[in-house]
Number of protein chains: 2
Amino acid sequence: MAKKSLPKPTEAELAILQVLWENGPSSVRFIHEQLSQEKEVGYTTTLKIMQIMAEKGLLQRNTDQRTHIYYPALEKEDTQKQLIHDFVASAFKGSAMQLVMQALGNHKASDKELQEIKALIEKMEKKDH
Amino acid sequence: MAKKSLPKPTEAELAILQVLWENGPSSVRFIHEQLSQEKEVGYTTTLKIMQIMAEKGLLQRNTDQRTHIYYPALEKEDTQKQLIHDFVASAFKGSAMQLVMQALGNHKASDKELQEIKALIEKMEKKDH
DNA sequence: ATTTGTCTACGAAAATGTTCGTAAATAAAT
DNA sequence: ATTTATTTACGAACATTTTCGTAGACAAAT
């Protein structure tokens, strides 16, 4: 059967996903502590958003213990891929390459990063033949 | 004096900016016709959003004629730059290079596009020395 | 001149996202 | 055992964004 497509995460939801991506499955308490370092926010606000995310299917959770443990339903890369797609559509008229050029141009990249990108390009060129 | 920083455009606002970027200064009627091709929406909805954008400073307008002509207050590239910055922060933990790698990897690029990127990288490498 | 159409302005409803207070259950501390 | 702290659930207030109806000004068509 077809994979059910999940809604695009909102800003607040994305902030939570980032913490989960970095730290793995976590409790609301932990996520909230991390988010609090960036911005003051009530505990129940974090809780509520995570509950909504679980409802939407963005997060899964283990409720065996009183303290529920949440984790993303999708791989980080899959979510990022979808986000890039939407972003490119809404701000770059669908041209991912235009985005790449802009992002590359406006950002100071280290030699190592540039080498990585070159390597990726080489690989893509080879695949074409 | 310092350049007043404009708010980040919303989704609906971005759709309007894209039409303006492509077609230059336009009337509400024209923008609305373009947007209608993508999605059904009332004329006054488009009008209202453009008026709000003018209030916010995102758009300028010429009101000499009864039919006002709107145009973006900022260059396309400036707005895109800001959008990339926010996007990278919210979805890529601030790493523009991660975004570039993902966008590059997930997208089929033409030889010509790859050449352009390579050229840009060359230029960036030279600048470092 | 009168009607018909097009435009802006305004305001408010509807939809979406965010915030948090309160209550109930459970666990931990005294 | 009683108090204190932690956690989930729920609901509602608040904020932001999107939507559009209505009215008034002006222009075009008849």
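Quick note on labels: first sequence line is chain A, next is B, and so on, each numbered from 1. Predicted, not measured: the structure shown is a model, and the values here were computed from it.
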Over 60° means perpendicular and under 30° means parallel, so classify the ring planes of B/Tyr43 and B/His32, tilted if in between.
perpendicular
Tell whether [X] reaches the base of [N] with its side chain through a donor-acceptor pair below 3.5 angstrom.
X	N	value
A/Lys48	C/dG17	no
A/Arg29	D/dT7	no
B/Arg66	C/dT8	no

What residues 36-45 of chain A contributes to the DNA chain D interface at heavy-atom separation below 4.0 Å is A/Tyr43, A/Thr44
Of all of residues 9-28 of chain B, which get a heavy atom below 4.0 angstrom from DNA chain D, listed by number?
B/Thr10, B/Glu11, B/Ala12
With a 4.0 Å limit, can you tell me whether B/Gln51 has a side-chain N or O closer than that to the phosphate oxygens OP1/OP2 of C/dA9?
yes
Protein-nucleotide distance ([X], atom [atom1]; [N], atom [atom2]), rounded to Å:
X	N	atom1	atom2	result
B/Lys8	C/dG17	NZ	C1'	14 Å
B/Ile52	D/dT19	CD1	P	11 Å
B/Leu58	D/dT18	CG	P	12 Å
A/Glu55	C/dT16	CD	P	15 Å
B/His32	D/dC20	NE2	C1'	11 Å
A/His68	D/dT7	NE2	P	11 Å
A/Leu47	C/dG17	CG	C1'	16 Å
B/Gln65	C/dT8	CD	P	12 Å

Answer yes or no: is there a side-chain heavy-atom contact under 4.5 Å between A/Glu125 and B/Gln115?
yes
Identify the two heavy atoms, one from [X] and one from [Y], that lie closest to each other, and give their separation to 0.1 Å.
X	Y	value
A/Ala109	A/Leu114	CB-CD2, 3.8 Å
A/Leu104	B/Met124	O-CE, 3.4 Å
A/Ile31	A/Ser26	CD1-CB, 3.9 Å
A/Ser27	A/Ile69	N-CD1, 4.0 Å
A/Gly57	A/Ala73	O-CB, 3.1 Å
A/Ile84	B/Ala103	CD1-N, 3.9 Å

Say you draw a straight line from CG of B/Leu59 to CG of B/Leu20; how long is it, rounded to the nearest 0.5 Å?
6.0 Å
